[in-house]
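Below is one structure, written out as structure tokens; comments come after it.
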There are 2 protein chains.
Amino acid sequence: MAATLHDVSRLAGVSIKTVSNVINDYPYVRDSTRQRVLAAIAELDYTPNLSARSLRSGRTNVISLLIPELRNAYFAELADSVMRAARERGLSVLIEQFGNDRASELSVLRNRSGRMVDGILYSVLGLDESDRDTIAEVSTPMVLLGERIFNGPKDHVTMQNVEGSRAATELVLAGGRRRVLAIGAHPGEVIGSAGLRLAGYREALAAAGVAFDERFVVPAGTWHRADGARAMRAFLETGLAFDAVVAFNDTLALGALRVLQEAGYRVPEDVALIGFDDIDETHYSMPTLSTIDPGRDEIARRAVELLVRRIDEDADTREPEEIAVPFRVIQRESTPPVLTGVPADRGAAAVGAAGLGAEAVGPALVGPEA
Amino acid sequence: MAATLHDVSRLAGVSIKTVSNVINDYPYVRDSTRQRVLAAIAELDYTPNLSARSLRSGRTNVISLLIPELRNAYFAELADSVMRAARERGLSVLIEQFGNDRASELSVLRNRSGRMVDGILYSVLGLDESDRDTIAEVSTPMVLLGERIFNGPKDHVTMQNVEGSRAATELVLAGGRRRVLAIGAHPGEVIGSAGLRLAGYREALAAAGVAFDERFVVPAGTWHRADGARAMRAFLETGLAFDAVVAFNDTLALGALRVLQEAGYRVPEDVALIGFDDIDETHYSMPTLSTIDPGRDEIARRAVELLVRRIDEDADTREPEEIAVPFRVIQRESTPPVLTGVPADRGAAAVGAAGLGAEAVGPALVGPEA
DNA sequence: GTGAAAGCGCTAACAC
DNA sequence: GTGTTAGCGCTTTCAC
């Protein structure tokens, strides 16, 4: 059986309060006493029982992260970023996956999210305005990640879906392409990632005076490589001419890339291709993939920050906050080099402004980083 | 403030024991009483305080998973598999990353691993026989994953590193290649993944009568795409002729692939390439990547199973178990089609035996799956 | 500086 | 079938 405070206090010949004082770095303990206690702790290999501590303190120092699925590279990298940010604040992270299914998303949110954690980071996927109440009812402190969906119920750190997607589309338009495919749409969706990114795509087309054509929008329910490949194949079968592909995330783009190459298209010469997320793999595909860096690390950092504030507050006094994290356009080999007329690299305010961010100005055709 | 058993019992006009009985599905509760209690629970939106429950019961129903890093696709997929297996048994998973640094691996193992969890799954990376005691001393039930390193201190679910790597090397040898590069070695290492996979590579060469040549073994400290690219570039600079690459994991292979293609090599015509892990990306690279499927899902399932057994047992009565999970050779486009003389698809016993697994017999040049 | 004691919310042994 | 109660290991108030 594990040692308790009592065991330690008995061995050290002090009361449990003194042991507790030593453990919690209470300064007013005589040094000789402290040494005796520390020796006893070492001897018994004592570790505090965290269940007892959290029962008493009301804190677990664990937060949960609710995401669709870890095997999606974007979420794995997000989880990694969240865990680093959490660790810096002494928090552990309990990850819950809910898959791509609305019912299971609701069920995880309702039944598992608040279990023995101080707070929740929730990367919304399938819920929308109609679920506003479900979200609002969660009593554990919670911060939403990624989408900009719910008007107000909770703190919210969003990526700039519309602006990022618009910038991506503008990049291929700036390269002179006019027949631009969009891959990954969710028909009917307005405020999810797919809806927002489609909106950005349409904005860019409109701004460039290119007519929108329904046939150039290919749906994909989930956003895995297989879906990108399938969508690309489906479009090729229509026989329509095209010269660029805007994929709503990188894995879709990489799946599409494979099919394009099989079919004999050269990227970027025949078809320009751009993704969204800036996952590690995009640095090493052949060709490397142009993409939008949504600011994953900053999303994670600010979300943890916000969550910690919520946890530390007694009640829901402050209004929910909404933070939009800046994005960057990352120009790599899969889009033809463009040196002007591209949206700037930072945030919505700069979209359409002059100048290029560091990564976009550099040599447009960079090899894999060393 | 959240409602407690007392609040519920007061509202329902029963004792807390009765409420507890209802919650824990104790059968001998009068139905009318049960209804009253359930109504009170719903009204107060009561959820049990899990800290209190686990203080009392000694169980948290959380296990931790210690891995190097989530952004490595293999570990993300492993974590996914572990979480699914855990969920089936009502367990949540708390993930801790320790990076690629030995000191932090030790620190995570010693300081964070047993915090408020019932058991630990630990994917060993940098520790070896010299750390046997550190491992043995962990008092929380623990199962080791992946490597076959520690002789005995704990239950252990391993992948077949030597046999898998041998089979991978045999696959390219069977295709007639003789100048076979190995990428990802850790000089001096014997019992880590790198050491074991190098051993398998050497076994295969020896069995085929190909002389081992130090110059064909390229080290790579970590196993990311960047390392594979760097290693490949370093080897190309030697100017040595070669016709095949055995990479010790898939990301190394994909990094190397990129460099090979930049340098104008055709894969598999000029250079055959095979990885290890069977991550999702290998289905969609151009060409698709031949690899070894180490049985990730089964490793996760059996490890969780073993861990639950350990948790349920009172003491360390049973001897530590060691389970070696079967692997499969997955032949895709990056190695030339081979229809005979390849190791069979299942496990060490079958290595070198006749016959081919389903995936290896199929059309050697398959496109991305639909 | 240190000790005694209450109580966090729950489970389970025992009583009725 | 249902109620009473002890106690899991900790933190913290209050005395001394």
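Throughout, a chain's letter reflects where its sequence line sits, starting with A, and its residues are numbered from 1.
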Looking at dA13(C), I'd like to know if its phosphate oxygens (OP1 or OP2) sit under 4.0 Å from a side-chain N or O belonging to Tyr26(B). no
Tell me which pairs pass side chain to side chain donor-acceptor pair (under 3.5 Å) where either residue lies in residues 56-76 of chain A, with sequence neighbours left out. Arg59(A)-Asp312(A), Thr60(A)-Asp118(A), Glu69(A)-His224(A), Arg71(A)-Asp80(B)
side-chain hydrogen bond (donor to acceptor under 3.5 Å, both in side chains) against Asn100(A), all qualifying residues, sequence neighbours excluded: none
At 4.0 Å (heavy atoms only), tell me whether Thr33(A) reaches a base, stays on the sugar-phosphate, or touches nothing. sugar-phosphate
Run the side chain to side chain contact (heavy atoms under 4.5 Å, CB included) test on Leu145(A) and Leu78(A) for me, step by step, so that the C-alpha distance in whole Å, both residues' side-chain angles and the decisive distance to 0.1 Å come before the verdict. CA-CA 10 Å; Leu145(A) 289 184; Leu78(A) 178 67; 4.0 Å; yes
What are the atom names and distances for every N/O pair under 3.5 Å that joins the protein to nucleotides 3-6 of chain C?
unit_1: dG3(C); atom_1: OP2; unit_2: Ser15(A); atom_2: N; d: 2.6
unit_1: dG3(C); atom_1: OP2; unit_2: Ser15(A); atom_2: OG; d: 3.0
unit_1: dG3(C); atom_1: OP2; unit_2: Thr18(A); atom_2: OG1; d: 2.7

Contacts table for residues 29-45 of chain B: side-chain donor-acceptor under 3.5 angstrom, sequence neighbours left out:
unit_1: Arg34(B); atom_1: NH2; unit_2: Tyr26(B); atom_2: O; d: 3.4
unit_1: Arg36(B); atom_1: NH1; unit_2: Ala12(B); atom_2: O; d: 2.6

List in chain and number order the residues that pass side-chain hydrogen bond (donor to acceptor under 3.5 Å, both in side chains) with Arg89(A), two or more places apart in sequence or in another chain; answer none if no residue qualifies. none
Inspect the contact between Arg102(B) and Asp131(B) and indicate whether a charged nitrogen and a carboxylate oxygen are less than 4.0 angstrom apart. yes
Using a cut-off of less than 4.0 Å, is there contact between a side-chain N or O of Tyr28(B) and OP1 or OP2 of dG3(D)? no
Establish, with yes or no, whether the OP1 or OP2 oxygen of dG1(D) is under 4.0 angstrom from a side-chain nitrogen or oxygen of Arg30(B). no
Out of dT11(D), dG9(C), dT2(D), which nucleotide sits closest to the side chain of Leu5(A)? dT11(D)
Measure from CZ on Arg59(A) to C1' on dT11(D) and round the result to the nearest Å. 14 Å
Using five pairs at each end of the helix from dG1(C)-dC16(D) to dC16(C)-dG1(D) to define an axis, what is the angle between those two axes, to 10°? 40°
Sorted by chain and number, sequence neighbours left out, side-chain hydrogen bond (donor to acceptor under 3.5 Å, both in side chains) with Glu105(B) holds for Tyr122(B)
Take atom CG of Leu55(B) and atom C1' of dA12(C), then tell me their distance rounded to the nearest Å. 14 Å
Quick one: list whatever passes salt bridge (charged side-chain N to carboxylate O under 4.0 Å, His left out) with Arg53(A), sequence neighbours left out. none
At under 4.0 Å, does any side-chain N or O of Asn49(B) touch on OP1 or OP2 of dC8(C)? no
Would you mind classifying the nucleic acid contact of Ser57(B) as base, sugar-phosphate or nothing, using non-hydrogen atoms under 4.0 angstrom? nothing
Check the distance between dT11(D)'s C1' and Leu50(A)'s CG and give it to me in whole angstrom. 14 Å
Starting from C1' on dG1(C), measure out to CZ on Arg34(A) and report it in whole angstrom. 11 Å
Among residues at least two apart in sequence or on other chains, which ones pass salt bridge (charged side-chain N to carboxylate O under 4.0 Å, His left out) with Arg110(A)? none
Mind calculating the distance between CZ (Arg10(A)) and P (dG9(D)) to the nearest angstrom? 11 Å
Can you identify which nucleotide, out of dT12(D), dC10(C), dT2(D), has its nearest atom closest to the Val29(B) side chain? dT2(D)
